[in-house]
Amino acid sequence: MLWIGILIFALVIAVIILVNICLVRHYSDQEEREKLPTIITVLALTVAFLCVFLIPVDVWNVSTTTKDGVLAPGITIQMAQTRGTIIKVLYYVLYCLLFIFGFVLIPFAYFWYEEDDLDITFGRRFLGALKYSVFFLIAIIIILIIGLFLGRMPQKKGETVATWVAHLFDTQHAGEGAILFTLAILTVLGLVVWCIYSACGLSWLPISLLRMGPATIRERQEVINTRLAVTREQQRSIRAKYALSDRRAMTRRDRSDLQGLLRQERALKGAQDANQKPTLAEKCAKWTKPLRILGAIIFGAVSLLIVVSLVLTTIAKAKQHWGGLMLRVPALPNPIDLALTALARAFPMDYIFFSLLILFLVAATLSAIVAIGVFKLYKIAPHRTVPQGLLLLAALLLLAIFAINMEMFTLAPQYASFGNQVYLNRTAPHANTSDTAVVTRGPCSLQTAGNATCIMTQLGTTMNRIITSMPFFGVIFFYSNFLFFLCALLGVLVSLCRKRRERYAAGRAGDEEDEDDV
């Protein structure tokens, strides 16, 4: 039966790759597009999405292992362990790939583009990118080494050096301690993205949809005139470098930049001539407004549902004085958790609901990144994002998905931990009565996880290992929810106070910041 989940997961991979290609092409600058940064961005986003879309397969695996509190027909303990191992290996392979992308490939592609010059050779460009990327490689090596030593006991008396080294490097479990520590570090970094961008995006996404509309002729003309003035100023700056010297020849890079600016000036002049009549979007604006209002209401309701679910689980954890990721026993069930747990009985319905939820969270995060920018370094706009901005966008979304992985235990704790599994609690009758044993059924929890019929998901096991071996991460994970609520509230206030920005202007504003300083 596991092959059904794997087959659906394979179909999801194909869809994710297609979506990421379309996403990157939509945002990448058509004039500065380059193969290596584009390929790295698509692959990094694909692996990041696969990490989170593996969760429903993990839940389906444990949910089909048991039925009505007992092992499902044809399932043995050994078979259940084998299926769990397959899922665990998939998680670890994806995590290691994300480590490689985050600490090696994305930095290398970033500096590879920074080293671009018409006069530079391939070898010099490669070595230049490698020179700056090595610092990120050293960082991941240091984190892995700390993860190996963290929580390891010193060598015991009478213990051989070989045995102590084997325990240190966790040779029986392929160095899981180092992987878990690195995963925890990246999750903490992801919580920064989650609290800043995702929290604000939950309010910005529906409000921006409500305010979105086509630009008027005057607004488009203002943007065209601004860009035309910037283009002419850049041309003047290049020519001024050679105005006082008759012998100095223009470099190939400046000559190429000047030709590009001349082409851009001709295109803008053509846009001026074409910008005399209302566009089709302007004509249809009044007809699409009801749809935008309906979409904003739906998105706002989903955002509210997410926040309410997070608040309910956080309150339940606080009441149980439990600083870890999961509740010891189910309490204050939230609507998203109830929906996913119920739909888990009809796989792949829960996969569809879960996918829509994840896509909404990613869209909310992306909307905030577009509004704020990548730490004010690069502006993210359709068809105007430079390769460096795309790579940093991929890095932010990668970190956000690390945080979403962990936040699933706050957003849908029962579903992410045990799916729809239940256990049977048999109460023995009193000795002096003729009553029969009472059998009650309840959802699996941490208190019943030792039961053979309550099998925890591999993601739940991994995250709990982080909390038990490194409790300070549990404290960070728990209190980050309060920062998320604060940022979400601030995001609502800022979204309501922001001046309306038309779609056209938002897509073109700040382009002069993205141009090379020539």
Side-chain angles (χ1 to χ4, degrees), residues 24-38 41 109-122 124-125 128-129 214-277 279 370 372-393 501-518:
V24 171
R25 288 184 63 87
H26 176 68
Y27 280 99
S28 61
D29 192 321
Q30 298 176 352
E31 297 178 359
E32 298 191 41
R33 187 178 296 169
E34 187 162 333
K35 290 183 179 180
L36 182 61
T38 301
T41 301
Y110 182 93
F111 294 115
W112 170 270
Y113 186 80
E114 288 286 321
E115 292 290 318
D116 184 25
D117 196 315
L118 292 175
D119 299 323
I120 195 171
T121 63
F122 176 86
R124 288 179 56 192
R125 188 179 183 186
T216 63
I217 294 177
R218 188 186 66 178
E219 290 168 335
R220 290 197 301 270
Q221 193 64 41
E222 289 177 354
V223 174
I224 291 173
N225 291 339
T226 300
R227 298 193 64 218
L228 191 57
V230 171
T231 301
R232 287 170 175 168
E233 176 61 25
Q234 290 176 341
Q235 294 178 34
R236 188 200 62 78
S237 177
I238 292 177
R239 291 191 176 101
K241 293 166 60 176
Y242 304 96
L244 300 178
S245 176
D246 297 333
R247 298 181 179 180
R248 185 183 175 188
M250 187 178 293
T251 64
R252 294 176 59 188
R253 179 63 181 268
D254 285 342
R255 187 164 55 251
S256 175
D257 288 341
L258 184 59
Q259 292 173 354
L261 290 170
L262 290 172
R263 288 194 300 269
Q264 188 176 12
E265 182 181 4
R266 288 194 296 269
L268 289 172
K269 288 181 178 178
Q272 277 184 328
D273 298 334
N275 186 39
Q276 302 300 327
K277 298 180 180 180
T279 62
V370 170
I372 299 174
V374 183
F375 304 121
K376 298 297 182 180
L377 294 176
Y378 299 100
K379 187 68 180 177
I380 307 299
H383 309 298
R384 300 301 300 171
T385 307
V386 295
Q388 303 100 309
L390 282 176
L391 290 167
L392 291 180
L393 172 64
R501 294 177 64 185
E502 299 294 345
R503 185 176 182 179
Y504 182 85
R508 299 298 183 186
D511 282 346
E512 60 271 16
E513 298 175 7
D514 294 337
E515 300 289 343
D516 288 333
D517 184 12
V518 296

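No hydrogens, no waters, no symmetry mates; every other heavy atom, side chains included, goes into these values. Because the structure is predicted, anything quoted here is derived from the model rather than measured.
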Completion exercise
What one should report as the nearest heavy-atom pair of Ala109 and Leu391 is C-CD1, 3.6 Å
Problem - Contact summary for Thr38 and Val24, nearest pair of heavy atoms - result: CG2-CG1, 3.7 Å
Problem - side-chain contact (heavy atoms from CB on, under 4.5 Å) involving Glu265 - partner list, sequence neighbours excluded - result: Leu228, Thr231, Arg232, Gln235, Leu262, Lys269
Exercise for the section: Please name all residues satisfying side-chain contact (heavy atoms from CB on, under 4.5 Å) with Pro387, sequence neighbours left out, ordered by chain then number. Expected result: Glu32, Pro37, Tyr113
Handout entry: Any residue meeting side-chain hydrogen bond (donor to acceptor under 3.5 Å, both in side chains) with Ser28, in chain and number order, not counting sequence neighbours
Key = Arg33
Exercise for the section: Please list, chain by chain and in numerical order, all residues satisfying side-chain hydrogen bond (donor to acceptor under 3.5 Å, both in side chains) with Tyr110, sequence neighbours excluded. Expected result: Tyr378
Completion exercise
Between the CZ atom in Phe111 and the CD atom in Gln388, the distance rounded to the nearest 0.5 Å is 10.5 Å
Practice task
List in chain and number order the residues that pass salt bridge (Lys or Arg N to Asp or Glu O under 4.0 Å) with Arg236, two or more places apart in sequence or in another chain; answer none if no residue qualifies.
Solution key: Glu233
Completion exercise
salt bridge (Lys or Arg N to Asp or Glu O under 4.0 Å) filter on Arg25, not counting sequence neighbours, yields none
Practice task
Would you mind reporting whether Thr41 and Leu393 have side-chain heavy atoms less than 4.5 Å apart?
Solution key: no
